K.L.:
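If you scroll down you'll find the structure; I have some questions about it.
First the proteins, then the strands, lettered A, B, ... as listed; each starts at 1. Since this is a predicted model, take the numbers as computed values, not measurements.
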Amino acid sequence: MRAPSGPGRSSSRRANSPRAVLYALVLTVACSVTSHAQDRGGFEAKIEYCKTCHGLSAQGYRGWFPMPRLAGQQPQYLENQLRAFIERRRTNPVMANVAHVLSPAMIASLAAHLRSLDPKPIGGAPRASLGLGKRIYEEGLPESNVPACAACHGSEGKGQNEIPRLAGQLYEYTVGQLTGWAKVRGQGSAVDTSAIMAPTAHNLTRSQVEAVAAYVSYLQ
Amino acid sequence: MKRIGFRIVLLAMVACIGPAMAWDGANVRNCTWCHGTSAQGYMVAPRLAGQRPTYLEGQMRSFRDHTRDNPFSKQYMWGAVAALDPSAARDLAAYFAAIPPRPANDGDANLIAKGKAIYMEGIPEANVASCYACHGPNAEGIREIPRVGGLAYFYVKARLEQWGEGYHSGIGTPMPVVARSLGPAEIEALASYLSFVK
């Protein structure tokens with residue numbers, strides 16, 4: 001979609017000749033016609049847009065914010081979260097606008113595609129308390145009223161239906177979500193299943209959150 | 001207590017001497033010929049002052065490995081870093097990162113609002129990603145993600161265009177995908193806005 005130009009054109013601010021403008025026009029039209037024909041309703045461009053932030057194979061990405069892994073995620077969960085961003089039940093500076101322009105059909109195609117991806121976890125979490133993390137994940141902390149994560153998220157962390165996959169999730173993202181749960185998620189709606197996590201997140205200490213976030217980040 | 005005090009003094013001395021040693025070295029002068037004596041950038045050579053050290057190191061590596069391949073990189077930077085060993089590169093990165101950056105202020109001031117809107121929110125309906133999500137609220141960058149606030153208009157514009165033209169940068173960066181979604185008007189607005197960010 002770019003006009004033909006020699007490297008180094010940027011170093012001068014010269015006016016384009018009419019011929020160059022014509023070239024650019026023809027190319028732009030030609031490119032947009034062909035890409036529209038190949039791209040199923042804009043799907044390819046949209047999924048590429050998702051991967052700009054969430055990692056080129058949707059494995060998650062560490063930007064200024066930790067961008068969560070979407071690969072292998074449960075479609076029902078993805079759809080619920082996108083709706084939560086739009087309805088402001090989940091606060092996020094960027095995702096409300098992103099979600100707002102997605103049609104239901106587009107959301108369904110994106111979710112189905114992301115579900116099929118299976119890149120390796122991004123890694124990078126501290127390994128010191130993986131043992132504690134595994135214990136919390138599999139057995140919970142009965143003394144603190146923390147149920148076993150595995151009970152809902154599955155022993156391998158794959159999730160089901162509206163319950164998200166945690167396997168391979170970015171460590172910093174999980175820590176951020178669990179420590180800020182009440183502030184960010186389930187903003188006052190009875191229909192929002194996110195509310196289920198509020199007491200559990202509240203009952204975990206910071207170091208327990210870090211342990212369990214590190215553990216799930218290495219699950220494949 | 002005394003021992004801690006001694007350690008602090010020692011650390012402070014090392015911290016002072018470290019940059020001074022680099023400054024005495026020919027390495028810094030080799031950079032500042034083009035990047036400016038205070039490393040605030042000059043013409044096509046971008047500002048290095050205040051840049052993220054991990055980013056600077058990564059770029060020096062990409063010049064050495066010839067993965068960053070736009071014409072000026074090829075012409076100047078491939079040769080400039082050829083003889084730099086990794087520890088010298090790390091010292092240079094730390095040295096330039098510690099210099100306070102000044103904004104270039106050379107974009108079109110009328111485009112600040114438009115550029116800022118694209119920077120913060122992207123253009124979701126046109127699949128333009130939010131720059132803010134990775135480069136931070138004040139375009140300060142983090143880890144290997146560069147500070148882009150205050151870089152010169154021409155430099156940012158040229159970089160965004162180069163990705164669109166098929167030139168490469170480091171490995172694994174999403175920037176070629178980002179640049180593909182940007183048209184000339186968006187690039188103009190972003191480069192203008194960023195040049196004014198302090």
K.L.:
Take atom NZ in B:K74; do more than 12 heavy atoms of anything else shown fall under 6.0 Å from it?
P.N.:
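No, the 6.0 Å shell around NZ holds no more than 12 heavy atoms from other groups.
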
K.L.:
Report the option among B:S130, B:A133, B:P137 that has the most heavy-atom pairs separated by less than 4.5 Å from atoms of chain A.
P.N.:
B:A133

K.L.:
Would you say that more than 12 heavy atoms from the other residues, nucleotides or ligands in this model lie under 6.0 Å from the OH of A:Y218, or not?
P.N.:
yes

K.L.:
Do you know which two heavy atoms are closest between B:V177 and A:L56, and how far apart they sit?
P.N.:
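Taking every non-hydrogen atom into account, CG2-CD2, 4.1 Å.
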
K.L.:
Counting only heavy atoms from other residues, nucleotides and ligands, does the tally under 6.0 Å from NE2 of A:H100 exceed 12?
P.N.:
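12 or below, so no.
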
K.L.:
Quick one: what part of B:Y132 sits under 4.5 Å from any heavy atom of chain A, side chain, backbone, both or neither?
P.N.:
both

K.L.:
Under a 4.5 Å cutoff for heavy-atom pairs, which residue among B:I142, B:N70, B:I123 has the most contacts with chain A?
P.N.:
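Of the options given, most contacts go to B:I142.
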
K.L.:
Looking only at heavy atoms, what is the nearest atom pair of A:R62 and B:I145, with distance?
P.N.:
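The answer is O-CD1, 3.5 Å.
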
K.L.:
Any chance you could lay out the side-chain contact (heavy atoms from CB on, under 4.5 Å) test for A:F65 and B:C134, step after step, and finish with the verdict?
P.N.:
CA-CA 6 Å; A:F65 302 101; B:C134 287; over 6 Å; no

K.L.:
Quick check: are there more than 12 heavy atoms from other residues, nucleotides or ligands sitting under 6.0 Å from NZ of B:K116?
P.N.:
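No, not enclosed.
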
K.L.:
Counting distance only, does the side-chain N/O of B:R143 pair as donor-acceptor with the main-chain N or O of A:W64 below 3.5 Å?
P.N.:
no

K.L.:
Is it the case that more than 12 heavy atoms not belonging to A:F43 sit under 6.0 Å from its CZ atom?
P.N.:
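More than 12 within 6.0 Å, yes.
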
K.L.:
Can A:K46 and B:N127 be said to form a side-chain contact (heavy atoms from CB on, under 4.5 Å), step by step?
P.N.:
CA-CA 6 Å; A:K46 189 57 81 178; B:N127 298 319; 2.7 Å; yes

K.L.:
May I ask you to test the B:R180-A:E48 pair for a side-chain heavy-atom distance under 4.5 Å?
P.N.:
yes

K.L.:
Any salt bridge (Lys or Arg N to Asp or Glu O under 4.0 Å) pairs touching residues 77-87 of chain A, not counting sequence neighbours?
P.N.:
A:E87-A:R89

K.L.:
Minimum heavy-atom separation for A:Y61 and B:P174, please, with both atom names.
P.N.:
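Heavy atoms of A:Y61 and B:P174 come nearest at OH-CD, 3.7 Å.
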
K.L.:
Take atom CZ of B:R52 as the centre, draw a 6.0 Å sphere, and report whether it contains more than 12 heavy atoms from other residues, nucleotides or ligands.
P.N.:
yes

